Each structure stands twice: as structure tokens, then as C-alpha cells.
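Here is the structure we will look at, set down as C-alpha cells.
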Protein chains: 2
Amino acid sequence: MEERTPRRPRIADVAREAGVSKTAVSFAFNSPDRLAPETASRIRDVAVSLGYRPHPVARMLTQRRTMTIGVLTPQALAVIFSNPFFGAFFEGVALAAEAEGYALHFISPLRGSLARAMDHATVDGVVAVGLSARHPEVEQIRAAGVPLVMVDSSALPDQPTVDIDDEGGARAAAQHLIAMGHTDLLIVGVEPPFPGTAAQLEPDGVMGRRLRGYRAAALAAGIEIVPASFVVAPASIDGGMAAFRRAWTSGLRPTGVLAMSDAIAVGVLRAARDEGLRVPEDISVVGFDDLDLSQFTDPPLTTVHQPIRLKGESAVRLLMSVVERRDPFPQQVRLETRLVIRGSSGPAPQRRQEVARVRR
Amino acid sequence: MEERTPRRPRIADVAREAGVSKTAVSFAFNSPDRLAPETASRIRDVAVSLGYRPHPVARMLTQRRTMTIGVLTPQALAVIFSNPFFGAFFEGVALAAEAEGYALHFISPLRGSLARAMDHATVDGVVAVGLSARHPEVEQIRAAGVPLVMVDSSALPDQPTVDIDDEGGARAAAQHLIAMGHTDLLIVGVEPPFPGTAAQLEPDGVMGRRLRGYRAAALAAGIEIVPASFVVAPASIDGGMAAFRRAWTSGLRPTGVLAMSDAIAVGVLRAARDEGLRVPEDISVVGFDDLDLSQFTDPPLTTVHQPIRLKGESAVRLLMSVVERRDPFPQQVRLETRLVIRGSSGPAPQRRQEVARVRR
DNA sequence: CCGGTTTAGCAAACCGGTTTAGCGCAGATT
DNA sequence: AATCTGCGCTAAACCGGTTTGCTAAACCGG
């Protein structure tokens, strides 16, 4: 027969059963050296027999640390997890967090409010990814005194950040196409998650920086990027397909496509093929990210590589330096990008009509 | 000039500043109707001016709920996040959790110990995925009184579980190949994450059930599955490539491959092509899972569809029914699978030599 | 045998909230 | 005038641990 109230045993229960004080029980778990060896082991035996485990929340309260780091995303988690980019990023985050003995807690808008979600989150620090510096939550988090590292957002002085050389990578991508004779370029950007802000791309944001890189290369070659040839799409294969189809239907006939994400690039690849275009003979496509799967597409995707896992690792390490050592110098980490040339890009078709002709 | 000690304001600070009791402050936040409207709003004003936010850990302690659900995986998170299957699964989990207002906390082995990680996790319930029922942690969690839903594990009576019709799906896959004349089949299973347990596949586990399905179809057609034609590989593209290469090098010449995961199937696809085989003319490949990307492979992958997102959603909903309503009936949810025929499978080659000849 | 240092363990304060029981008072009821 | 009711608020207990400050006994060299 069990007790009729299978209440979770508390430290006081163990203390009573073992005939010692609560303090002694606490010591038995946390600093056994402050107890006689046999007392400590007796207490532990009693604890085991009672099925006692220190209540993690109570422990957090007194120790003022949760051994958890928060991963904050302005989008709903459901859309995040379906994105391979985040998969790789979280891989890096998890690797570094596990190495430090920290668990991961995901913070995403709770009933529409990121602020509310933050209020409920019990974390020692936060890695925010894709959160614009203008987002009001940034101030809230800083005011709350929670260490924060921002990834892929417009740089805020005085704030630890991790990002990559977006502009340089984009420039390399555009130069690559231009060097092969492409002059008619279509740029496909990533649509910001919030419809309201879609109109104005933050110039300091990731997409703004990439756009600047594309433009710089075009400008240097005397190529004009007309507004019509810059479109945006959700960062997904479907999004890329739809964007290319819209551009094609509206009469655009690019020989080269610069996509700001691999998922979009893969969608463009497929949509182009659906239109009867050969890749790379009729049209070249260059992505951005270099996801794992990008080497397995058909043809393999030419893209700008960024060290996604490393980005996650760096963010956590930077956060740890703030959390644990209360490092007073906020650091800004910028990682390298590099162009990876595979099969989806090639010389521009010789005569312009060739491309037009294949249209069904 | 700020105060020299920017300590986080506590409820007592607000109470003093507003000239009321702690209780009143608590009421102002949690049950304003118990206060005169003007008192409540005055307290809130003071709280805002002080930058006060209720400490989430303290709140958890008294309310005895964390509004967080734990997602437990026996593997390290870093390996989980790189796997598209889990991406889709978490998508479903996140969707349902967010709808209920719960946040997500990932529980994975902490310094090698799942038990330790559980001890530190502050969650109201746990969704465990791929955790064998034999795992000692299962008992620990149940003993701790934390509601638990197990996904894709060998069913434990008296325990809420979510799984799919693995056996039926596998049978359909094998029947499909057999109906098209395939008799030389290679089965590639998923390697259990822990090397030690690799040898004995749990017969009740997911892989055991799928194997049973394949076998049942073969048996019904009078086809023998020799032990040599059952191999295992890590659930990744590379794993699938390596497994197929090993099988091929060891002299196996299957015309049909049954892979227990799409990632493995994609790897097999590529490795087969590298050997100079045409898919599906020379060799057919059938996967399992129907990941999003499987419709975009070349050729598109024939595979057993399972509702991965729904699986995640169902697990959380089942968990919620236990957490919130203390539902006394543990339910077992079993979801359907179905074969999706795409381009990677076709009739077996007519003459056996055809396949042998193409070898380089 | 004595003062000084360890050692082993305890009581109480504390972490920062929520919740219960109850009090004083105004207005309504008898 | 006495009792009742309900409002607005408070003091104190509580959630379940950790940590501080202290004491009594054991140990130690001289």
C-alpha cells in the first residue's frame, strides 16, 4: 500500500526521515564535504528511498540561475522549425550550449506578444536571431538586465552581435554572374515575416546588406538594377517558385537570378525548369546560405556559403562570456562568407533570343 | 544618475513606492477586479515607472506550473536539429504548444545523462520522442509525477503514446516493389543512436515494426530476405550513400531498395547513380517519412508518407489533456501511413544481367 | 589542563512571488 | 440601534529550496 497522498517529497521530508536538518540534506547534495561522509551517504540513501529530487524551480530561485539559455525568434516557432537554415543554426547553438551544460528554451511570440513571452521565460541569457534592432523588445530585454546576443540584425553599438559578411558575399555572387556575361539579373529577396514591414526593407538589415552587395557589383560593371527586377518571396521552395513565376509572367527574362536564400534558389530552379528553361544553359541561379541540401540539388547549387553552425556556436559562446564572466566589453563577431561555384551557374546564353524562344 | 545598485525591483519595492501591501501589487497584476480600479491602475503605473516585472521563477514556484513543455530526445540536440524529420515534428509540436500558450524547453542528455537533464528541467509535461520504453529514464519521469507522452517508442501499456502504422506502411512499400517484379531487395534500416544497442534492434521499436512489415510482404510473395540484405545506417544522406556503397562492394546487386528513412533513400539514390545505375530503370528506391524535400529529389522519391507534423501536434494535444484535465485515461494514438508513388520506383529490369553489366 | 582551531550540524533568514484568512468600514437590512 | 453584507485591502503563511551565522563537541600542540 502506498501512501494515499503521493505528494512529491520535499527536502523537509527527507530531513525528518533522516533525523537531520534541511541544511544537512542540502549539503548532502551540494557540498557533501561539509558533512561527515557517513552522514552524507545516509541522507542520500534516505532521499533515494523516498524518491526525492530537489525541486528545480526552487533551486533556480535561490541560486539565481536557470542553466538555460533562451533562443528568441520574432516568428512563430512553427515557421522556424520548417526552415533548414534555422535547423543548422540551432545545431550550432545546441552544440555550444550542451558543451557548457545549458539547456535550450525557445522564446517566440506568446499569444501574439514577444514581450509577454519574454516575461515568462526563465533564462540566464538570450540569443535573438533575426530580431531587428528597432524591435521594442530589445530595450525590454536590456532593461530587464538579461544578457543578450543578437544574430543577423542591424548592428547596435554597445551590443554583442554575431553576423556575417553579407555584403561581401552578395557582391561575390553578383560578380560571378556578371563575369560570365550576365547583364539581365533578377534579384529575389527574403520577405520580412511581418506583412506590415514588407514595404520598407531595413537598409541595415541582412537583406539590405545583401542588396547593397549585389548593387555594388552591378554598379561597378555599369549594369542597372531596375526596381522591377527586385522582388521578394517567403524563404521557402514554394516561395521561390512563386516569385519566379510571377516575374516570368510579368515579362521579365533574366539570364541570371540572385536569390537571397538557398530555399528560394531551389524554388527558382524548379520553376525555371517548369518553364522549359535549362539550368545553367539558359539561366543561371545563385543562392545564399549553402545549406546541406544545396549540394544535392539538380544541378548542384552555386551559392554563397556562410558558416551557419559556427554562427550559432559563436552566438552562444559570446553569450556565455557575458553571462558567466560578466564581460564588460560587448563584442561584435563577423564571420566570413565565400562563393561556392557548383552547377547552377554558367555563361550567359549567347543570343538573347535563345532564351525567349524556349518559352512554351 | 541611476541608482548605484540597479537591482531588479521586487514586488516589495513596488508595494512600498505605491504605499500598499505586496498582496495589493500581486492583485493588480493577477486579479485586478479584487481592487478598486483606481488603486489597480496606480499600482500598475508605479510598477511601470520602476520597471518592475514579476519574477518568472518565483511565480512558477508558487503557482506550481511553468507553462512550458519539455521535448525530450535521447540524442544530443545537435544531431536532432540537423534532421529534417525532427524539424517537421517540432513544427507540429510548436504549433500545438503555441496555441495553448506553452513554451518549449528541449531536454537532451546533460553531460551524458538524460536523468540529470530531467532533474533540471522545469516543465509541466514531457513529450519524449524516440525514447525506448526500456530506457530507465521513463520510470524516473513517471515516478517524478511529470505527465509524459511517448512518441515513436515501443508501446507501454498504461502510458499515453503517439505512433504511426509503421508495419502497414512498410508492407505497402514492399508490396509495391514486389508487384513490379522485384525479388532482390535490399533493406536499409536506421541505426540506433547508441552504438552499444546497435546489435539488437528492438522488435517492438519503430524499426522493428517496419522490418516486420517488409518481411510480411516478402513472405506473402515467397521471397526470402537473407540477413545479408538487411543493413543499417545513420539516418542521413551520407549514411545512406555509405550503406549502399558497402552493400554494392560486398557483392549485393538488389533491384529494389527499401529504406527506413527518406534521408537514407536520398543517399542511396545518389550512391546508385554514382555507380552508374539509372533510377528507376536499373534500380528502384522507396523511402519512409515523405519529408518535404522528397518531392524535389531527382527523381522524386517514392516513399511511405507519415503525417509528421500531425504527430507532433497530436503528442502535445494528448499531453495537454493529461496536464490540464488530469485525464485519467491514457490514450494511445496511432496515425495512418500511406504509400506515395513518385519517380524513384519502377518495374524491375527484365534480365538480371542488365544490372550487372552497367557496373564500371 | 588550557586556549585555539577544526569539524559537524542546526536555526533562521532569504530568494520573490501567491494565496488564505481576516479586519475595518460603509451601506443595507431588520 | 443592532446586525448583516460586501468591498478594499492587509498580515502572515506558504511554495521548496540555499546560504549565513553560529554553537557545541572534538582535536591539537604546548
Side-chain angles (χ1 to χ4, degrees), chain A residues 5-44 46-47 50-68 119-124 144-146, chain B residues 5-44 46-47 50-68 119-124 144-146:
Chain A
T5 311
R7 206 191 68 257
R8 181 188 178 123
R10 300 171 306 189
I11 196 169
D13 299 325
V14 178
R16 187 176 347 94
E17 195 75 10
V20 296
S21 68
K22 294 195 311 176
T23 310
V25 179
S26 180
F27 283 164
F29 280 86
N30 305 313
S31 28
D33 43 321
R34 293 194 54 175
L35 252 35
E38 58 276 18
T39 311
S41 82
R42 179 166 50 87
I43 293 176
R44 274 196 297 267
V46 171
L50 257 48
Y52 169 76
R53 304 177 318 130
H55 195 300
V57 176
R59 188 197 281 261
M60 278 182 184
L61 185 60
T62 57
Q63 298 191 154
R64 252 78 68 60
R65 54 188 338 210
T66 64
M67 293 309 281
T68 301
D119 281 350
H120 290 266
T122 54
V123 297
D124 292 337
V146 179
Chain B
T5 311
R7 205 190 70 257
R8 179 186 181 125
R10 301 171 303 188
I11 197 170
D13 300 325
V14 179
R16 187 175 348 95
E17 195 76 11
V20 296
S21 69
K22 294 194 313 176
T23 309
V25 179
S26 180
F27 282 163
F29 280 86
N30 305 314
S31 28
D33 44 319
R34 294 192 55 176
L35 252 33
E38 58 275 18
T39 311
S41 81
R42 179 168 49 84
I43 293 177
R44 274 195 297 268
V46 171
L50 259 47
Y52 169 76
R53 304 177 319 131
H55 195 301
V57 175
R59 189 196 280 260
M60 279 181 183
L61 184 59
T62 57
Q63 299 190 150
R64 257 83 122 279
R65 56 191 334 213
T66 64
M67 293 307 282
T68 300
D119 281 348
H120 289 265
T122 54
V123 297
D124 293 337
V146 179

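In this text, all values refer to a predicted model and were calculated from it rather than measured experimentally. Throughout, protein chains are lettered first and strands after them, A, B, ... in sequence-line order, and every chain is numbered starting at 1.
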Task: Distance test, side-chain N/O of B:Arg10 to OP1/OP2 of C:dG17, below 4.0 Å - done: no

Open item on the list: Can you list everything that forms a side-chain contact (heavy atoms from CB on, under 4.5 Å) with B:Thr62? Sequence neighbours excluded, please.
Closed with: none

TODO: Scan residues 51-65 of chain A against DNA chain D and write down, sorted by residue number, each residue with any heavy atom closer than 4.0 Å; if none is found, say none.
DONE: A:Tyr52, A:Arg53, A:Pro54, A:His55, A:Ala58, A:Arg59, A:Leu61, A:Thr62

Task: Residues that B:Tyr52 engages under ring pair (Phe, Tyr, Trp, His ring centres under 6.0 Å), provided they are two or more places apart - done: B:Phe29

TODO: Please answer whether the main-chain N or O of A:Arg53 pairs with a side-chain N or O of A:Arg8 as donor and acceptor at a distance below 3.5 Å.
DONE: yes

Task: Any residue meeting salt bridge (charged side-chain N to carboxylate O under 4.0 Å, His left out) with A:Arg65, in chain and number order, not counting sequence neighbours - done: A:Glu324

What does the list of N/O pairs under 3.5 Å between the protein and nucleotides 11-13 of chain C look like, with a distance for each?
from, atom 1, to, atom 2, distance (Å)
C:dA11, N6, A:Thr23, OG1, 2.7

Task: Gap between atoms NE2 and P, on B:His120 and D:dG17 respectively (whole Å) - done: 13 Å

TODO: Grab the CD1-P distance between A:Ile11 and D:dT19 for me, whole Å please.
DONE: 11 Å

For residues 31-42 of chain B, run the donor-acceptor check on the side chains, cut-off 3.5 Å, and write out each pair with its distance to 0.1 Å, sequence neighbours left out.
from, atom 1, to, atom 2, distance (Å)
B:Ser41, OG, B:Glu38, O, 3.3
B:Arg42, NH1, B:Ala18, O, 2.7

Task: Point-to-point distance, once rounded to the nearest 0.5 Å, from CD1 of A:Ile43 to CD1 of A:Ile11 - done: 9.0 Å

Open item on the list: For A:Val20 versus A:Val25, what's the shortest heavy-atom pair and its separation?
Closed with: CG2-CG2, 3.9 Å

Task: Reported NE2-to-CZ distance for the pair B:His55 and A:Arg64, which is rounded to 0.5 angstrom - done: 8.0 Å

Task: Qualifying residues under side-chain contact (heavy atoms from CB on, under 4.5 Å), relative to A:Thr68, sequence neighbours excluded - done: A:Thr66, A:Ala103, A:His105, A:Val123, B:His105

Open item on the list: Please report the distance, rounded to the nearest Å, between CZ in B:Phe29 and P in C:dT19.
Closed with: 15 Å

- [ ] For B:Asp13, check salt bridge (charged side-chain N to carboxylate O under 4.0 Å, His left out) against everything at least two apart and list the hits.
- [x] B:Arg7, B:Arg16

Open item on the list: Taking salt bridge (charged side-chain N to carboxylate O under 4.0 Å, His left out) as the definition, give me every residue that meets it alongside B:Arg10, ordered by chain and number, with sequence neighbours left out.
Closed with: none

TODO: Convert the base pairs of DNA chain D into dot-bracket notation, remembering that pairs crossing earlier ones are written with [ ] and that bases paired across to another strand are shown as |; include only Watson-Crick or G-U pairs under 3.5 Å.
DONE: ||||||||||||||||||||||||||||||

Task: Protein-nucleotide distance (A:Arg16, atom CZ; C:dG9, atom P), rounded to Å - done: 19 Å

- [ ] Check DNA chain D against residues 30-41 of chain B and give the residues with a non-hydrogen atom under 4.0 Å, in numerical order.
- [x] B:Arg34, B:Leu35, B:Ala36, B:Thr39

Task: Separation of D:dG17 C1' from A:Met67 CE (nearest whole Å) - done: 17 Å

- [ ] For A:Val20, report the nucleic acid contact type (base, sugar-phosphate, nothing); a contact means any heavy atom under 4.0 Å.
- [x] sugar-phosphate

Open item on the list: Quick check for you: to the nearest 0.5 Å, what is the distance between B:Thr122 atom OG1 and B:Met60 atom CE?
Closed with: 4.5 Å

Task: Results of side-chain contact (heavy atoms from CB on, under 4.5 Å) for B:Ala12 - residues two or more places apart only - done: B:Lys22

